[in-house]
Amino acid sequence: MSTATFSTTPTSDRPWVHEMVIIHRAFRRETRLLPGLVREVADGDVARARTLAEVLRLVLAGLEMHHTGEDAVLWPALLERAAPSTGLVETMQAQHHGIEDHLERVAHLLPLWEAAPTRERGAELADVLDRFAADLAEHLDLEEREILPLCARYVTVAEWDSLGQHGMEAMTRSQLPLLFGALLEECSPDERRAMLAKLPLPARVLVRTLGARQYRRFVSRVREG
């Protein structure tokens, strides 16, 4: 696990890299839970399979937004400015490709299981999700331990904030309260205030009111069956 620590409250002069730790926390939680939930689906329980397929697609959409932003902003900046660490950045890029290989396999298996769930198909999908979760956790640990300190030193506030802007632009209106609710679920009060402050006022109001209720219903439906 990562041993790096960063300020839980943002400042104006350096990028608030702890935001990435919060995002990673949500990805770790959901990818850890999903394989077991998939394995529990009974033969022929299409409704339950459809619910879990929905949350899995949501998590994967969030991860794609996250990685696309890193590919577009972080890696070019670090390759240009953190020359002694270029090998590390190249490792991160290679890990992205490895994770994409798992996601291609998930994309193949998921619709088959969703349409006609069986214990056998669920076990096959869950095994792929286990490997994906393990490789993702290794990637996130390395990123927090080695990459975030470089970001704090070499990436500008504007560049860092563009990552969040990219995510906001990529989210649909229906995804916003669910993805942001997942981020806020385990936040401390300080983290929660800082994350909400990054949202435009209309989106902040949505996430704190209707979106919060929507997320609670969604989580209950997913985790309690």
Side-chain angles (χ1 to χ4, degrees), residues 1-2 19-41 46 48-76 78 88-148 163-164 166-172 174-176 178-183 185 218-219 222-223:
M1 292 296 292
S2 170
E19 176 186 8
M20 192 79 82
V21 176
I22 296 170
I23 294 169
H24 288 177
R25 189 185 297 155
F27 285 135
R28 286 189 180 96
R29 181 187 65 240
E30 300 304 325
T31 56
R32 184 179 65 248
L33 290 172
L34 278 166
L37 294 174
V38 167
R39 287 190 177 93
E40 291 172 357
V41 176
V46 174
R48 181 61 175 159
R50 186 180 300 122
T51 294
L52 295 181
E54 178 186 355
V55 69
L56 180 54
R57 290 190 176 101
L58 183 70
V59 170
L60 299 186
L63 183 62
E64 181 180 7
M65 294 175 206
H66 182 62
H67 280 182
T68 300
E70 290 178 338
D71 292 340
V73 178
L74 292 190
W75 308 150
L78 293 178
L88 177 61
V89 174
E90 289 166 357
T91 296
M92 301 301 292
Q93 292 173 313
Q95 288 181 342
H96 273 198
H97 292 311
I99 289 167
E100 288 168 5
D101 291 341
H102 289 309
L103 299 186
E104 288 180 6
R105 184 65 178 152
V106 171
H108 171 70
L109 294 174
L110 182 59
L112 301 175
W113 173 75
E114 181 182 12
T118 64
R119 294 284 189 179
E120 182 178 4
R121 285 180 173 174
E124 184 179 12
L125 174 60
D127 287 346
V128 174
L129 292 175
D130 275 332
R131 292 192 293 272
F132 158 63
D135 284 356
L136 179 64
E138 179 182 358
H139 172 72
L140 300 181
D141 287 348
L142 180 61
E143 187 166 77
E144 290 174 17
R145 188 173 62 249
E146 304 290 348
I147 293 293
L148 292 190
L163 292 171
H166 166 81
M168 287 290 296
E169 292 172 353
M171 287 183 207
T172 66
S174 62
Q175 287 175 332
L176 174 63
L178 300 181
L179 287 172
F180 223 84
L183 298 183
E185 183 174 332
F218 181 73
V219 165
V222 169
R223 297 182 192 169

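Side chains are part of it too, since the values below use all heavy atoms of this structure and drop only hydrogens, waters and symmetry mates. Everything numeric in this text was worked out from a predicted model, so none of it was measured.
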## Note on the structure
In this structure, CG of Leu129 is separated from CG of Leu136 (nearest 0.5 Å) by 11.5 Å
## Note on the structure
Sorted by chain and number, sequence neighbours left out, salt bridge (Lys or Arg N to Asp or Glu O under 4.0 Å) with Arg29 holds for Glu185, Glu186
### Message
Would you say that Leu179 contacts Met65 through its side chain, given a criterion of any heavy-atom pair below 4.5 Å between the two side chains?
### Response
yes
### Query
How far does CG of Leu63 sit from CD1 of Ile23, to the nearest 0.5 angstrom?
11.0 Å
### Task
Answer yes or no: is there a side-chain heavy-atom contact under 4.5 Å between Leu33 and Val222?
no
### Query
For Leu163 and Gly69, which heavy atoms make the closest approach, and how far apart are they?
CD2-O, 3.2 Å
### Message
Under the side-chain hydrogen bond (donor to acceptor under 3.5 Å, both in side chains) test against Glu114, which residue among Arg50, Arg57, Arg121 passes?
### Response
Arg57
### Summary
Tightest non-hydrogen contact, residues Arg32 and Pro35, listed as O-CD, 3.6 Å
### Summary
Closest non-hydrogen contact found for Pro76 with Ala72 is CG-O, 3.6 Å
### Gap between atom CG of Leu58 and atom CE of Met171 - 0.5 Å precision
9.0 Å
### Query
Between Arg48 and Val38, is there a donor-acceptor pair closer than 3.5 Å when you use the side chain of the first and the backbone of the second?
no
### Query
Counting heavy atoms not belonging to Gln93, are there more than 12 under 6.0 Å from its CD?
yes
### Flag side-chain contact, heavy atom, 4.5 Å: Glu40 against Leu52
no
### Task
Before accepting this row, confirm whether a basic side-chain N of the pair Glu30/Arg223 lies closer than 4.0 Å to the acidic partner's carboxylate O.
yes
### Task
Can you see which heavy atom on Ile22 is nearest to which on Leu183, and at what distance?
CG2-O, 3.6 Å
### Query
So His67 and Glu70, side chain to side chain contact (heavy atoms under 4.5 Å, CB included) or not? Walk me through it.
CA-CA 5 Å; His67 280 182; Glu70 290 178 338; 3.5 Å; yes
### Candidate list Leu110, Val106, Val55, test side-chain contact (heavy atoms from CB on, under 4.5 Å), partner Leu60, passing option
Val106
### Task
Check whether any side-chain heavy atom of Phe132 lies under 4.5 Å from a side-chain heavy atom of Leu34, and answer yes or no.
no
### Message
I'd like to know if Arg131 pairs up with Asp101 as an ion pair, taking the criterion as any Lys NZ or Arg NE/NH1/NH2 lying under 4.0 Å from an Asp or Glu carboxylate oxygen.
### Response
no
### Query
For Arg25, what residues pass the side-chain hydrogen bond (donor to acceptor under 3.5 Å, both in side chains) criterion, not counting sequence neighbours?
Glu191
## Note on the structure
Taken to the nearest 0.5 Å, the spacing of Glu143 CD from Thr91 OG1 works out to 12.5 Å
### Query
Shortest non-hydrogen contact from Ala182 to Ala26?
O-CB, 3.6 Å
### Query
How far apart are the C-alpha atoms of Leu142 and Leu88, what are their side-chain angles, what is the distance that settles it, and do they pass the side chain to side chain contact (heavy atoms under 4.5 Å, CB included) test?
CA-CA 9 Å; Leu142 180 61; Leu88 177 61; 4.0 Å; yes
### Query
When the ring planes of His66 and Phe27 are compared, do they come out parallel, tilted or perpendicular, using 30° and 60° as the limits?
tilted
### Query
Which residue pairs pass the ring-ring contact (aromatic ring centres under 6.0 Å, His included) test when at least one of the two sits in residues 99-124, sequence neighbours left out?
none
### Query
Out of curiosity, Glu19 CD to His24 NE2, how far, rounded to the nearest 0.5 Å?
10.0 Å
### Query
What pairs with Glu124 under salt bridge (Lys or Arg N to Asp or Glu O under 4.0 Å), at least two apart in sequence or on another chain?
Arg105
### Summary
Residue set satisfying side-chain hydrogen bond (donor to acceptor under 3.5 Å, both in side chains) with Asp127, at least two apart, ordered chain then number -> Arg39
### Query
Roughly how far apart are Glu100 CD and Leu103 CG, rounded to 0.5 Å?
7.5 Å
## Note on the structure
Nearest heavy-atom contact between Ala133 and Thr31 is CB-O, 3.6 Å
### Under the salt bridge (Lys or Arg N to Asp or Glu O under 4.0 Å) test, residues paired with Glu54 that sit two or more places apart
Arg221
